[in-house]
Participant: 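One structure coming up, written as structure tokens, with questions to follow.
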Amino acid sequence: MDKRVRVRFAPSPTGGLHLGGMRTVLYNYLFAKKHGGDFVLRIEDTDQSRYVAGAEEYIFDCLKWAGLEPTESLLHGGNYGPYRQSERKDTYRKYAQQLVEGGHAYYAFDTPEELEKMRHDFRTEQNPSPQYDHSVRMKMRNSLTLDPGETKKLLEEGMRHVIRIKMPEHETIILNDLIRGEVSFDTSVVDDKVLLKADGMPTYHLAVVVDDHLMKISHAFRGEEWLPSAPVHILLWKNLFGLQEMPQWAHLPLILGPNGKLSKRDGAKYGFPVFAMNWTDPKTNELTEGFKEKGFLPEAFINLLALLGWNDGTEQEIFTKEELVEKFSIDRVHSGGAKFDYEKAKWFNHEWIKKSTVASLESVVRSLLNEQGITGINDAILEEVIELIKDRCTLLTDFYDQSYFFFRSPEKWDVDAVKPKWNEEKKEFFNVLMSKYANVQMWHTTQLEDVFKETAAALKIKPGELQLPFRIMLVGGKFGPPVFNIAEILGKDETITRMKKALTVF
RNA sequence: GGCCCGUUCGUCUAAGGGCUAGGACACCACCCUUUCACGGUGGUGAUACGAGUUCGAAUCUCGUACGGGCUACCA
């Protein structure tokens, strides 16, 4: 009997949502949709010292932009709330105590100073970072070393304490990972992790297990960095709810930057975004640029993210969200980490811009131009412009560079490009051309080109030598789509005005 | 240091014992284009190393090297 598929993503509200986090969201989303299940989002905010105001809203904004909204969260509602761990605080202690009673955990009263001392005293060259584990726990102040009466007394006095898991010695724990297959751990090398902190909040280890159980999670995907703590979670499942209830785990490979795990520093250093959307750290005021603001289409973002560690086995690389839902399978996810390649990311965006319809790009391009001070744009003209230039744009922001000259006549001209070959004959040609253009009935690319060539032939000048000056007259420089297309969109009056104006400078 | 994961062109990857190891990005050349792109054609370029199993290994096993992750009352 299969359980209903319920996957969850649990971000901590401590900053921007980076590529790795977004990919985890994506895989959760795809998997849930594919199996007609639920995509649950809960907020992991048990470390209140790291809580950053605005981060929760930011997370939801990113998911909305990417089109990966959860079916269940504090914003979307659901039957398994609260979806913020800090609001579930009371439920965790009960389970921690249950573990203590079963002999799988214990109270520890060690102060931070005592822990510091332990780490210092036990440090050797062979063991640079001693852990609170089976070899040292009997030398510390906890309910294993204190007699029961004293433990009880300390507890009643309200002595600050934590609850630690008691890792068994020499037990082999086997994880059956959906991506990696069997992974085994020896429990004696895992330390006695804190389960419940002195402030009453659970650590990730306890919270993830308790919440996954209470929220009936069937599949849990998370980054590979969690693999080493998997034995803790498995033991918790075993002792609390039974292994048969445990969700199926998948540890996703890391997304790497140029050196190691991708960090937001890498973005600033190498000039590419690492967050889905712009994130300004309220403490430092530091801005980290997002894919959205950099000019990525959400469809392209999802597409490139999905292919960072997954493929469907064919040579297809461009997928719509619907295709991804249909074709995604967790067991085809790679086990090796993937280095993020910004050039390839841009290629995906370019492909998506080419694939997009003019109508779908219109509002984005319009607001882009508005931001740059170009307003009052005619709909029909904007559509023609987009159609003409979209194949030339890799990022959405390129639309400005590729189109502003349609709406703003040049103030400066690249005269250096014209001068060396400029002469009276050419000047004469453009004067004749202006008067002929003034009489053109059908203002279309083909007619414009025909008239241009006829006039050139009549004056015995190669048309090729005239096209560059013409272009510079219309747009100011050596750029843009084919000249006659530009002239057509500009219209008769504007074209002639620009020619006249430029001729005074040439 | 210990534990865990990983390793196919520069990068993302395909090939799950059997053809000249395939594709994409990037790069280079040519074509198209008298701007720049797009596009088209072609090219350079990889199984980390060493053993073993096998008629046959990128693929299975072991070792080595290298890379990464974890080693907090952070997630």
Side-chain angles (χ1 to χ4, degrees), chain A residues 10-14 44-47 49-50 85 108 110-112 115 119 123-133 160-164 175 177 179-180 183-186 188-191 193-205 207-208 222-231 251 253-254 256 258-261 304 307-318 334-348 350-351 354 389-394 398 401-402 414 417 462-468 470-472 475 477-483 486:
Chain A
S12 48
T14 53
E44 220 129 83
D45 62 344
T46 52
D47 182 4
S49 65
R50 297 209 316 158
Q85 287 183 335
D110 316 275
T111 63
L115 289 175
R119 290 195 186 103
R123 183 177 300 145
T124 61
E125 218 157 88
Q126 265 67 45
N127 186 10
S129 46
Q131 306 191 93
Y132 201 121
D133 61 14
R160 275 180 78 82
H161 66 277
V162 301
I163 293 179
R164 284 180 182 272
L175 164 71
D177 190 275
I179 295 171
R180 283 150 224 280
V183 182
S184 63
F185 306 87
D186 181 348
S188 47
V189 297
V190 183
D191 62 331
K193 292 261 182 259
V194 170
L195 263 20
L196 198 75
K197 302 187 265 187
D199 63 0
M201 283 288 189
T203 57
Y204 172 83
H205 309 295
V208 74
R222 69 209 325 184
E224 191 187 348
E225 69 269 29
W226 288 106
L227 207 42
S229 54
H251 289 87
L254 261 16
L256 278 6
N259 338 282
K261 197 173 165 182
L304 73 91
L307 274 280
L308 216 48
W310 173 87
N311 71 83
D312 73 343
T314 71
E315 282 172 4
Q316 184 176 352
E317 296 205 81
I318 302 298
H334 255 261
S335 45
K339 197 176 285 184
F340 175 64
D341 180 358
Y342 187 45
E343 292 306 318
K344 182 104 187 206
K346 286 194 289 192
W347 174 79
F348 276 108
H350 191 191
E351 291 300 309
K354 286 193 285 180
I389 65 171
K390 74 188 178 95
D391 287 3
R392 319 164 74 88
C393 297
T394 298
D398 293 339
D401 287 337
Q402 294 291 343
D414 186 356
K462 285 182 196 156
E465 287 184 18
L466 296 161
Q467 283 196 26
L468 187 65
F470 187 39
R471 164 180 300 280
I472 292 175
V475 306
K478 294 190 277 187
F479 49 77
V483 242
I486 297 175

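Please read these numbers as outputs of a predicted model, since none were measured by experiment. Chain letters run A, B, ... following the sequence lines, proteins first, then strands; residues in each count from 1. Values reported hereafter were calculated over all heavy atoms of this structure, with side chains retained and with hydrogens, waters and symmetry mates removed.
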Participant: Would you mind classifying the nucleic acid contact of A/T46 as base, sugar-phosphate or nothing, using non-hydrogen atoms under 4.0 angstrom?
Facilitator: sugar-phosphate
Participant: By the 4.0 Å heavy-atom rule, please label A/G309 as base, sugar-phosphate, or nothing.
Facilitator: sugar-phosphate
Participant: What's the gap between B/rG63 and B/rA26 when it is taken at their C1' atoms, as a whole Å value?
Facilitator: 36 Å
Participant: Heavy atoms from C-beta onward define the side chain here; which of B/rC38, B/rC74, B/rC4 lies closest to that of A/R50?
Facilitator: B/rC74
Participant: So what does A/H251 hit on the nucleic acid, given a heavy-atom distance under 4.0 Å: a base, only sugar-phosphate, or nothing?
Facilitator: nothing
Participant: With a 4.0 Å cut-off on heavy atoms, is A/V183 in touch with a base, just the backbone sugar-phosphate, or nothing at all?
Facilitator: sugar-phosphate
Participant: I'd like to know whether NZ of A/K354 has more than 12 heavy-atom contacts from other residues, nucleotides or ligands below 6.0 angstrom.
Facilitator: yes
Participant: Give one of base, sugar-phosphate or nothing for A/T314, where a contact means two heavy atoms less than 4.0 Å apart.
Facilitator: nothing
Participant: When the P atoms of B/rU13 and B/rC19 are compared, how many Å lie between them, rounded to an integer?
Facilitator: 23 Å
Participant: Sticking with atom C1', work out how far B/rC62 lies from B/rG43, rounded to a whole angstrom.
Facilitator: 40 Å
Participant: Rounding to the closest angstrom, what is the interatomic distance between B/rA75 and B/rG39 at atom P?
Facilitator: 47 Å
Participant: Establish, from distance only, whether the side-chain atoms of A/D47 and A/Y204 form a donor-acceptor pair under 3.5 Å.
Facilitator: no
Participant: Whether A/D341 and A/K339 form a salt bridge (side-chain N of Lys/Arg under 4.0 Å from carboxylate O of Asp/Glu) is what I want to check.
Facilitator: no
Participant: Within the 4.0 Å heavy-atom criterion, would you say A/Q467 contacts the bases, only the backbone, or no part of the nucleic acid?
Facilitator: nothing
Participant: Quick one: is A/K197 getting a side-chain N or O under 4.0 Å of the B/rA72 phosphate, OP1 or OP2?
Facilitator: no
Participant: What residues form a ring-ring contact (aromatic ring centres under 6.0 Å, His included) with A/W310, not counting sequence neighbours?
Facilitator: A/F319, A/F328
Participant: Categorize A/K346 for me: base, sugar-phosphate, or nothing, with a 4.0 angstrom heavy-atom threshold over every strand shown.
Facilitator: nothing
Participant: Using a heavy-atom cut-off of under 4.0 Å over every strand shown, decide if A/P482 touches base, sugar-phosphate, or nothing.
Facilitator: base
Participant: Could you let me know what B/rA65 is paired to, Watson-Crick or G-U wobble, both distances under 3.5 Å, or none if it's on its own?
Facilitator: B/rU7
Participant: Applying a 4.0 Å non-hydrogen cut-off, can you work out what A/I389 is touching in the nucleic acid: base, sugar-phosphate, or nothing?
Facilitator: nothing
Participant: Taking 4.0 Å as the cut-off, does a side-chain nitrogen or oxygen of A/N311 come that near to OP1 or OP2 on B/rA14?
Facilitator: yes
Participant: Mind checking who B/rA75 pairs with, Watson-Crick or G-U wobble, both distances under 3.5 Å?
Facilitator: none
Participant: For B/rC70, take OP1 and OP2 only and decide whether either is under 4.0 Å from a side-chain N or O of A/K261.
Facilitator: yes
Participant: A/R123 near the nucleic acid: base, sugar-phosphate alone, or nothing, with a heavy-atom cut-off under 4.0 Å?
Facilitator: nothing
Participant: Just to be sure I understand the rule, does A/A338 reach a base, reach only the sugar-phosphate, or reach nothing, if contact means heavy atoms closer than 4.0 Å?
Facilitator: sugar-phosphate
Participant: Using a 4.0 Å heavy-atom cut-off, does A/D312 contact any base of the nucleic acid, only the sugar-phosphate backbone, or nothing at all?
Facilitator: nothing
Participant: Please enumerate all residues that pass ring-ring contact (aromatic ring centres under 6.0 Å, His included) together with A/H205, with sequence neighbours excluded.
Facilitator: A/H233
Participant: Which nucleotide wins on minimum distance to the side chain of A/P112, given the candidates B/rC74, B/rG1, B/rC73?
Facilitator: B/rC73
Participant: Sticking with atom P, work out how far B/rC60 lies from B/rG67, rounded to a whole angstrom.
Facilitator: 24 Å
Participant: Distance between the P atoms of B/rC9 and B/rA46, in whole angstroms?
Facilitator: 9 Å
Participant: Report yes if a side-chain nitrogen or oxygen of A/R164 is closer than 4.0 Å to either non-bridging phosphate oxygen (OP1 or OP2) of B/rC73; otherwise report no.
Facilitator: yes
Participant: What integer number of Å spans the P atoms of B/rA15 and B/rA51?
Facilitator: 28 Å
Participant: Without swapping roles, check the side chain of A/R471 against the backbone of A/F479 for a donor-acceptor pair under 3.5 Å.
Facilitator: yes
Participant: Go through the side-chain N and O atoms of A/R180 and A/H251 and say whether any donor and acceptor fall under 3.5 Å apart.
Facilitator: no
Participant: Is the glycosidic torsion of B/rC38 within 90° of 0, making it syn, or is it anti?
Facilitator: syn
Participant: Under 4.0 Å, counting only non-hydrogen atoms across every strand here, what does A/S129 touch: a base, just sugar-phosphate, or nothing?
Facilitator: base
Participant: What's A/P481 touching, base or sugar-phosphate or nothing? Going by heavy atoms closer than 4.0 Å.
Facilitator: base
Participant: Check nucleotides 15-20 of chain B for protein N or O atoms closer than 3.5 Å to its own N or O atoms and list the pairs.
Facilitator:
none

Participant: As a test of reading the structure: which of B/rG69, B/rC12, B/rU13 is closest to the side chain of A/K339, going by heavy atoms?
Facilitator: B/rC12
Participant: Is there, by distance only and without an angle test, a donor paired with an acceptor across the side chain of A/K344 and the base of B/rA24 below 3.5 Å?
Facilitator: yes
Participant: What integer number of Å spans the C1' atoms of B/rC5 and B/rU41?
Facilitator: 43 Å
Participant: Are A/K261 and A/E224 close enough for a salt bridge, meaning some N to O gap below 4.0 Å?
Facilitator: no
